[in-house]
Protein chains: 2
Amino acid sequence: MPSDSRTNSPTRPMRADARRNYDRILAVAAEAIAEHGAEASLEEIARRAGVGSATLHRHFPSRQRLLEAVFGDKVEALCAAATDLAVDPDPGQALATWLGAVARHAVSNRGLAASLMRGAHDGDPTLGATCHSMITNAGADLLARARRANAARPDVSITDLLTLVNAICLAVEQEPDGAAQADRLLTLALTGAIGSERPGSGAA
Amino acid sequence: MPSDSRTNSPTRPMRADARRNYDRILAVAAEAIAEHGAEASLEEIARRAGVGSATLHRHFPSRQRLLEAVFGDKVEALCAAATDLAVDPDPGQALATWLGAVARHAVSNRGLAASLMRGAHDGDPTLGATCHSMITNAGADLLARARRANAARPDVSITDLLTLVNAICLAVEQEPDGAAQADRLLTLALTGAIGSERPGSGAA
DNA sequence: TGCAAAAACGGGGTGGCCCTCCATATCGTA
DNA sequence: TACGATATGGAGGGCCACCCCGTTTTTGCA
């Protein structure tokens, strides 16, 4: 069920001990990243997993790769959510709901936002489907639908929206009440931070 | 004319050699931060300035202090701009203009956004007027005026707005066309990223 | 089952970073 | 000029990412 991009790839299946270590590292990394964020010490992850640091670096050649492996299932969940929302009767609301879900995931999983930010644009195009592009593709459909329904500006791209979401999440990541803050700021950004409330419709 | 919080402070004036080194370090740090962002290596700054790393750490006990010293004049310029805009006939536009100016400064001076983000809320309350609080105070007046003119939501704080600006700048800092991106995203966030355009008034 | 080649492992080294101590050099002044 | 206060910076400690290469484990086959 979980996404094991190694067990059934064209390359020879992993040796049993390698697989064991791979899984251990992944589990420990998830904990460490939850504790210390995306900058968690790789050395300590290896230590806690009971493997040498070389083993960690062999399985995950870069920090980004480790992050992507750790958050793979979260990202898949978000993509699935996008698919579900793609049949929502209110495309505009569906898009907003999904962006909120992305924000919620990013806030409650430290490091996810950082992982989603750095897309394929900084080297390392090895991994075909990075978290970044998966999310982008998933969101693109929702935006397209919203646009067709005249519920989204024609000049805004899905990259714009996701950049906003991630930027906000990254910014509030270490605030005490990050979740609430992120939600507020996202709503603000989506509906207009400066009151473009039509004169007359305002308070009072 | 430049703000030398050391020359005329209640504490004894700096010795000539100390002052020389202080200035050298500051100049070199500005270059290094422009090159490598807020995470530039302090050791290399010391090396380039021709001083020992201990000297750097004595003058600037924390990275944040160095950043604040480097960006002090930029922040003062932004505060001055806020004062000027405080008499603008259109308070809503004035606020938007100022936020745009903050963004422009933050994008063209790598590290400024990072410096503005971390306010007094993480220890080190030694320095009375941090960049963070200076900017916040400066912006608060503009927002208050805009609010009185019904040109700003009553539920949005200056902290919200500055967090958005800084988050955006931080996010696009290493994109190739950062300035344009930041401008676009800020406009989006201020006016509403999802088209709340009234039916009929849209493009066409 | 036994064994050799292949695969994976991890200790330890390199080089970088931040930060501190303290013996030494420099400055300002009497 | 001489002296005390002040500033300096090299050396060293602790942490980190990353890599080399001798050693151990696993596997597939006879």
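Proteins come first, then strands; the chains are lettered A, B, ... in the order of their sequence lines, and each starts at number 1.
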Gap between atoms CG and P, on A:L56 and C:dG12 respectively (whole Å): 19 Å

Closest contact, heavy atoms only, A:E68 versus A:T130: OE2-CB, 3.4 Å

Residues within residues 47-55 of chain B bordering DNA chain C, heavy-atom distance below 4.0 Å: B:R47, B:S53, B:A54

Criterion side-chain contact (heavy atoms from CB on, under 4.5 Å) on A:L186 and A:L164, from CA distance to verdict: CA-CA 8 Å; A:L186 179 58; A:L164 274 178; 5.6 Å; no

Between A:T191 and B:R153: side-chain donor-acceptor atoms closer than 3.5 Å: yes

B:E43 CD to C:dT20 C1', straight-line distance once rounded to whole Å: 12 Å

Rounded interatomic separation in angstrom, taking CD from B:Q64 and P from C:dC18: 15 Å

Euclidean distance, atom CG of residue B:L66 to atom P of C:dC19 [Å, nearest integer]: 11 Å

Side-chain N or O of B:S41 closer than 4.0 Å to phosphate OP1/OP2 of C:dG16: no

A:R58 side-chain N/O to D:dC18 phosphate OP1/OP2 under 4.0 Å: no

Minimum-distance nucleotide to B:R15 side chain [options: C:dA7, D:dA7, D:dT8]: D:dA7

Which atom of A:I158 lies closest to which atom of A:A140, heavy atoms considered: CG1-N, 3.8 Å

Phosphate OP1/OP2 of D:dT8: any B:H59 side-chain N/O under 4.0 Å: yes

Working for side chain to side chain donor-acceptor pair (under 3.5 Å), residues B:D160 and B:T163: CA-CA 5 Å; B:D160 290 337; B:T163 301; 5.7 Å; no

Proximal nucleotide (of C:dG28, D:dC18, D:dT25) relative to the A:D17 side chain: D:dT25

Closest approach of B:G111 to B:F71 (non-hydrogen atoms, all atoms of both residues): C-CE1, 3.5 Å

Between C1' of C:dC9 and NE2 of A:H57, the distance in whole Å: 15 Å

B:E35 bridged to B:R48 by N-O distance under 4.0 Å: yes

Rounded interatomic separation in angstrom, taking CZ from B:R19 and P from D:dT8: 13 Å

Interatomic distance, B:H36 NE2 vs C:dC18 C1' [rounded to whole Å]: 17 Å

Short side-chain N/O contact to D:dA7 OP1/OP2 from B:N21, under 4.0 Å: no

First of B:L42 and B:R20 reached from the 5' end of DNA chain C, by closest nucleotide: B:L42

